[in-house]
Structures are given as C-alpha cells and as structure tokens.
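As a basis for the values below, the full set of heavy atoms in this structure was taken, side chains included, without hydrogen atoms, waters or symmetry mates.
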Amino acid sequence: MDTAEEISRIFGETGPLSKVIPDYRLRQSQVDFAKAVGNAIVSKDILVSEAGTGTGKTYAYLVPAFLFGKKTIISTGTKTLQDQLFEKDIKEVRKALAIPITVAKLKGRANYLCHYQIEKTAKERTFSKLRDVEVFREYERLLEVSETGDISEVVSTEGEYSEVTSRVTSTRENCLGADCPHIAKCFVLKARKRALEAEVVVVNHHLLFADLVLKEDGFGELLPDCDVVILDEAHQVPDVATNFFGESVSSNQIFDFIRDLRYAIFLIGTELPETNILAALERAMLDARLSLVSRYNVGDAIKNVSIDESALPDMGELISILTKLKDHFQDYWSENVEMQNCAERLLGFNSFFSALKEQSIGEHICWIELNQRYLKLNISPLNVSSKLKKYFQIKQRSWIFTSATLSVGEDFSFFTDQIGAEDVSLFSCESPFDYENNSMLYVPTGMPLPADRSFISTMVEKAFPLIEASKGRCFMLFTSLSAMREAQALVKVAIEKSEVEFSLLVQGDTSKYELLKKFKNEPNAILLGSYSFWEGVDVRGSGLVLVLIDKLPFAVPDDPIVAGKINSMKRLGLNPFMSYQVPEAILALKQGAGRLIRDESDRGVLVIFDPRLIEKPYGKVMWKSLPKMKRTQDLSEVIRFLSKI
C-alpha cells in the first residue's frame, strides 16, 4: 500500500471521509499532517507537530493510526476531548474506513465506583448532612445497575459532593488489589481488561503518566503495550509530567489513612494497644496545617509556597507520631488485608518525610499547596526531560505529539528540550482560517504598565466602548483571580451606567460547563474568567466576537516551581527570562488568543491591554507568534469592525 496515496484518497473531496462528515471539505494542511503521522508510524519516529486551529488534527492522526492497524494509545489533555474522541470522532473515522477496530475508553480509578469502599462507608455511617446521605444512596443504587460503574452516570452530582465521591471510589493507596473480596466485580479491573483487549485506547494525560510512574516503581501496567502513542493537547505534557514524577502527601491522605486504620482495627475486634494515638495524629495534622497557615499568612484561597528545612518544625509532631505508629501496632499489621494496606501507606508517608528533609536543594523543589482547610506537601523535579527521554529510546514505538501551541516563532526546541525528545521529526501548518480579513489585534494606547495600581481600572474604562460595540459576546480573560475580581466590581458599575442590558457571568459563580452554556444562550453576555478559560473552550459563530486579555501571561515568579526553575537556570549561567519565562508566556498567550476564531466563518477582535507587547523587544516575538491578524491601535477602526459583525 502506498501510504501517501491512500491517505490522499481518504481525505479527497469525494473520499470516504466526505461520506460521513457533514459539510466536509478538503484541507491540504490536514492531508499533509496525516501523511507526516503515517510516516512517523511506519518509521517508529517521534513526531512533534503544531497544527493551527481548524486544521482538523483529530482526523489527521486517527486515519493513519487506523490504517496501519497498530496498537494505539491516544492521550488527551481533558476528559471533554477524551469523550469527544470516543463518542464522535473515532466512530466517524471507523465508519468511513469500514475497519472493524476495537476501541476502549479508560479513565483514572477515581472515576469508577468501588464495591469495597461503598460497603465500608455504609457500615461507618459517618455522613453528617442529609443531602450527602441521599447522594451516597444514589451511588449505592448505581452500583447495582451500572455496567461500567462510571460515577458520571449520577449526573446530578457531577462536580459536587466531593466528600461523598471520595468515599465511593478507591485510590491507589487504599485499593486492596488482589486481596479485595469484591475483585471479581471490580469496575476498574473490568475497564482495564477492555483496554488491554482493544486495539485503540483513549486515555487522558493524567492516566498515561500515572501508568508511567507505576512502571517506574516496578508495579503492574495499567495500559497495554502499544506500537503508537498519540498525545493531543501536548503542550500540557511538561506540567503533567512534573506533577506525576514528583511525590506528595496531603492532609486528605492522612485523614483517609486514619479513617481506614480505625476501620481495620474495628475488624480485628480484639483489644489493641490504646488507639488514642490516632486522635493524636489527627490533632497533629490539624496543628501542622494551622501552623503553616500562620507562618505563610494564608487565607481561604489556595496558596502555593516554597518551603525549606525551616518549616519542618511546624510538622515535627506529625512526623514524630507517623514514625512511632509502625512500632505501636507492630503485632497487628498482618492481622487483615486492611491493616496490611495501612502499613504500606504508613511506610510511604515516612519515606516521603525523610525525602522532604533531604530534598530542599538540588534538582527538586519542595513546596506546599495550602489554605485554611487543605494542605498538600510536594517534592517536584525541576526537569523531567531525563525521566521522559528513556521512553522515547524504545525503538519499537512511535510517539506523536500534537497541539496548536508547541512552537515559539517557528522554533520547537523549547518544547522538545522540556520533554527530552531528541532526533525528532517536525511538522507545522498554519490555520486554514482567513485571520487577516476576519480578525483584528488591538493594543490600546495610553495604558499604564501592569504593575501600576490603576491598570485594571484603566483596562475596564478602555474595554467598555468595545464591549458596547460588540453588544457583549465577549470573554475578558485575566492572568489572576485577584485581577478578575477587581475588574468584576468595575464592570458591574459600567453595566449599570450603560444603556445596553448585559448579562455578566463570572468564573466561580457556577461550574465552567454551566457558565459556557449560559454564555451561549443569553444575549449580550460578558464572561470574566482566569486561566481555566484560556484553553479548552470552544464557542463558534457570532456568539463570541471579542476576546480581551488583561496582560501578557508571564508565570507568577514566586510560584514555587517557576522560582525553582529560574534559580536553577541562573546557577547554570542561563538567562531564565528569555529562555524560559518568555517562551512559556508565548505559548499561554497563543492559547488565550485561540479562543477567538474557532471556525472558518468566525470574525472577531483580540484585545491585549499590556503595552509591553508594543514597547518591549520581547513583545515583538510574542505578537509574531500569534495568528496573522490585522494589527491596529486605532479605536475607531476596531469599533467599525465590531459593528459589522
């Protein structure tokens, strides 16, 4: 089979895809991308590919993956894209090619009901709220009728009642594995079995890297051995890998451990050495959190803070009791599988705190996520390239990385260096959309620098004539929640003074899904959002014609991992601003700008209020990385453009 010729035929104007995809049209960039993927599969290469919005990259990698009949894992950045691939795109390509390929979708274990955890929770009866009890009973009923055990089948609880869902699902720590009395009915094992038997498995990045970490530790594989790994939304890979190749212990894990150990002791049913030590451990955990909250002046909002050995005394009692527990129950750890499981988790806690004392310098950063109710201690690698590199050296496998945002200018080295990929094939194609005629980039004049106290008020003042001209239909995207909240108050005042009736939607008021639903359905809507709305949000047509971005999205320099990388690069004599902070900001800016034009017929204006885009030398690199929109600083020109949409 001539690979290139067959791919051209499938994507042709009268080819198989045209028969199943509504309003199908031939896009040469899509065909070229598909051929590059096909070559990488045949040659077992690493392909790093940037495909502009509208290329149709999903079909471009699915067709060659199906054609060659290889065992394939497709990993996405979000569950939303994972579901779209499985429920829509794969079905269409499979129908078009008329190839009987078996496909499975696999999620992390936290998405599946656990028979054992539900049985244990029912015996404990510890819920204090009536609604929590009702939700738990919904899960109990689902347990009896569901074929998959996917908790999303209880639609009314999606994104809510996290305490209940944590009590009806298992974690890697509390799963009893082969010793579980319900193993024959285990939904997680059934899902994994389907994945092992399928030719194509759709996962997300978190699950993929969780599996890589398990392999690293010498445990069993979650995912099948495969010939091809395709990572869509690949720009997220460095951050996800940093998370999974690190270590962490949270207050929730400690409290779950205490609860499970009490249950294991209850099952033994005989006198044990006094169990007041567990109450002492609970108090020590609470005291450690309160002490750190006080030390770092933390409120209700989660704060990420670098820590060193000076913070260890705040956790002294917690560490001391965890160390004593092993000997305290030494005669009982083998009494039942629950006790054995707790013993293993205790070993992990003590190992973590030993590492915490040793990892305050070097190639790792120690940091905490903290607020009044939650504490998570982390040890994160500053560089994951060496850990990832060994996977790419497996010559029997093809790796395909794709996203709309992988390059800085036309240079992919920032991304490839982060993931440790060498000897890669590169592919790049611009969006087929007509940005020059259908869109405009506007940078207002007279804006203060972002550090100025008047920046947000000036931004809102200059934004509102644009918002009135567009009749809402806009996203206001911010680089921080605090900036968003400051703008929210000012936008409310401006709305009250306006003759146009606007609908104001703000991140945090309800779920992201509900906000987008309202935005699409309500007239004259203004949506204010922070980073969660910079990517993975798709509003097509005239419902979104204006995207306003407050400032260039540089990572917060006192973020622990960012600060750690900056200091590490300085020690190596590198310039972290130009070699790390600017490229990171460019990729984030491209994601935010990508919310505007989502279809060939879309028209709109992107506004960036940060004067550094025009005034600073690095600003030129940034706007050159954006789509080729018409650029202007003339307000009247922008208002005329908006009035015609």
Side-chain angles (χ1 to χ4, degrees), residues 3 7 10-11 17 29-51 55-94 97 99 101-107 195 198-212 222-238 240-241 388 391-392 394-406 412 415-416 419 421 424-429 536:
T3 305
I7 286 174
I10 291 168
F11 283 95
L17 284 178
S29 57
Q30 185 181 43
V31 179
D32 294 340
F33 182 21
K35 289 178 180 178
V37 173
N39 290 335
I41 292 174
V42 171
S43 306
K44 302 188 186 303
D45 283 344
I46 302 170
L47 174 67
V48 175
S49 51
E50 181 175 81
T55 302
K57 58 185 170 64
T58 304
Y59 297 111
Y61 62 67
L62 285 177
V63 167
F66 282 21
L67 267 184
F68 292 105
K70 302 286 188 180
K71 196 107 176 181
T72 302
I73 291 175
I74 302 173
S75 181
T76 72
T78 61
K79 291 178 186 175
T80 302
L81 182 55
Q82 188 182 4
D83 290 338
Q84 179 187 311
L85 271 167
F86 186 75
E87 302 296 340
K88 178 180 177 290
D89 299 340
I90 284 176
K91 288 180 180 178
E92 289 180 342
V93 173
R94 189 163 51 179
L97 301 184
I99 299 175
I101 289 178
T102 55
V103 183
K105 178 172 63 174
L106 184 59
K107 298 180 180 180
E199 293 161 282
V200 176
V201 186
V202 183
V203 301
N204 56 62
H205 297 339
H206 288 82
L207 181 58
L208 178 67
F209 280 96
D211 184 50
L212 292 180
L222 301 184
L223 302 174
D225 283 331
C226 61
D227 304 298
V228 181
V229 181
I230 299 171
L231 295 102
D232 203 340
E233 299 177 305
H235 60 278
Q236 298 179 10
V237 167
V240 176
L388 290 173
Y391 297 107
F392 306 141
I394 301 172
K395 298 300 182 185
Q396 293 76 31
R397 184 173 292 165
S398 305
W399 293 82
I400 317 294
F401 295 89
T402 185
S403 169
T405 54
L406 291 180
F412 287 87
F415 175 75
T416 56
I419 64 170
V424 303
S425 299
L426 299 174
F427 176 84
S428 178
C429 63

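Listed for the Thr102 side chain is a donor-acceptor partner under 3.5 Å among the backbone atoms of Glu199. Formation of a donor-acceptor pair under 3.5 Å by the Gln82 side chain with backbone atoms of Leu106 is found in this model. At least one donor-acceptor pair under 3.5 Å links the side chain of Arg94 to the backbone N or O of Ile101. Side-chain atoms of Ser425 never come within 3.5 Å of backbone atoms of Val48 as a donor-acceptor pair (strictly under, hydrogens ignored). Checking side-chain atoms of Ser398 against main-chain N and O of Ala40 turns up a donor-acceptor pair under 3.5 Å.
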How far apart are the C-alpha atoms of Phe209 and Leu388, what are their side-chain angles, what is the distance that settles it, and do they pass the side chain to side chain contact (heavy atoms under 4.5 Å, CB included) test?
CA-CA 10 Å; Phe209 280 96; Leu388 290 173; 3.5 Å; yes

Start with the C-alpha gap between Val93 and Asp89, add the side-chain angles, then the distance that decides, and say whether side chain to side chain contact (heavy atoms under 4.5 Å, CB included) holds.
CA-CA 6 Å; Val93 173; Asp89 299 340; 5.6 Å; no

Trace of the side chain to side chain contact (heavy atoms under 4.5 Å, CB included) decision for Asp45 with Asn39
CA-CA 8 Å; Asp45 283 344; Asn39 290 335; over 6 Å; no

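Across Ala198 and Val103, no two heavy atoms sit closer than the pair CB-C, 4.0 Å. When all heavy atoms of Ser428 and Phe412 are compared, the closest pair comes out as CB-CZ, 3.9 Å. Of all heavy-atom pairs spanning Ala36 and Phe427, the tightest one is CB-CD1, 4.0 Å. Pro64 and Ala60 make their closest contact through CD-O, 3.0 Å (heavy atoms, listed as atom of the first residue, atom of the second, distance). Residues Ile230 and Ala65 approach most closely at CD1-CB, 4.1 Å, considering heavy atoms.
With rounding to the nearest 0.5 Å, the separation of CD in Gln84 from CD1 in Ile90 is 10.5 Å. The structure places CD of Gln30 at 9.0 Å from OH of Tyr59, a figure rounded to the nearest 0.5 Å. Residue Ile73 holds its CD1 atom at 8.0 Å from CH2 of Trp399, rounded to the nearest 0.5 Å. Separating the OG atom in Ser403 from the NZ atom in Lys57 is a distance of 6.0 Å, to the nearest 0.5 Å. Taking OG1 of Thr416 as the reference point, atom CD1 of Ile46 lies at 10.0 Å (rounded to 0.5 Å). The OG1 atom of Thr402 lies 7.5 Å from the CG atom of Leu47; values are rounded to the nearest 0.5 Å.
Considering only heavy atoms from C-beta on, Asp83 comes within 4.5 Å of Lys105 through its side chain. Between Ser49 and Tyr61 the shortest side-chain heavy-atom distance does not fall below 4.5 Å. Leu67 is not listed as a side-chain neighbour of Thr3, based on a closest heavy-atom distance of 4.5 Å or more. Residues Val240 and Leu208 have side chains not in contact (no heavy-atom distance under 4.5 Å, counting atoms from C-beta outward). Side-chain contact between Val37 and Ile7 is absent, with no heavy-atom pair separated by less than 4.5 Å. Side-chain contact between Ile74 and Phe86 is absent, with no heavy-atom pair separated by less than 4.5 Å. Side-chain atoms of Phe66 and Val200, non-hydrogen and from C-beta on, do get closer than 4.5 Å to each other. Taking 4.5 Å as the limit, every side-chain heavy atom of Arg397 sits out of range of all side-chain heavy atoms of Tyr391.
Listed by chain and number, the residues in a side-chain contact (heavy atoms from CB on, under 4.5 Å) with Glu233 are Thr76, Thr78, Leu81, His205, His235, Gln236 (sequence neighbours excluded). Not counting sequence neighbours, Phe11 has no partner by the ring pair (Phe, Tyr, Trp, His ring centres under 6.0 Å) test. Scored by the side-chain contact (heavy atoms from CB on, under 4.5 Å) test, Asp227 finds Lys70, Lys71 as partners (sequence neighbours excluded).
For Phe392 and Phe401, the ring centers sit closer than 6.0 Å to each other.
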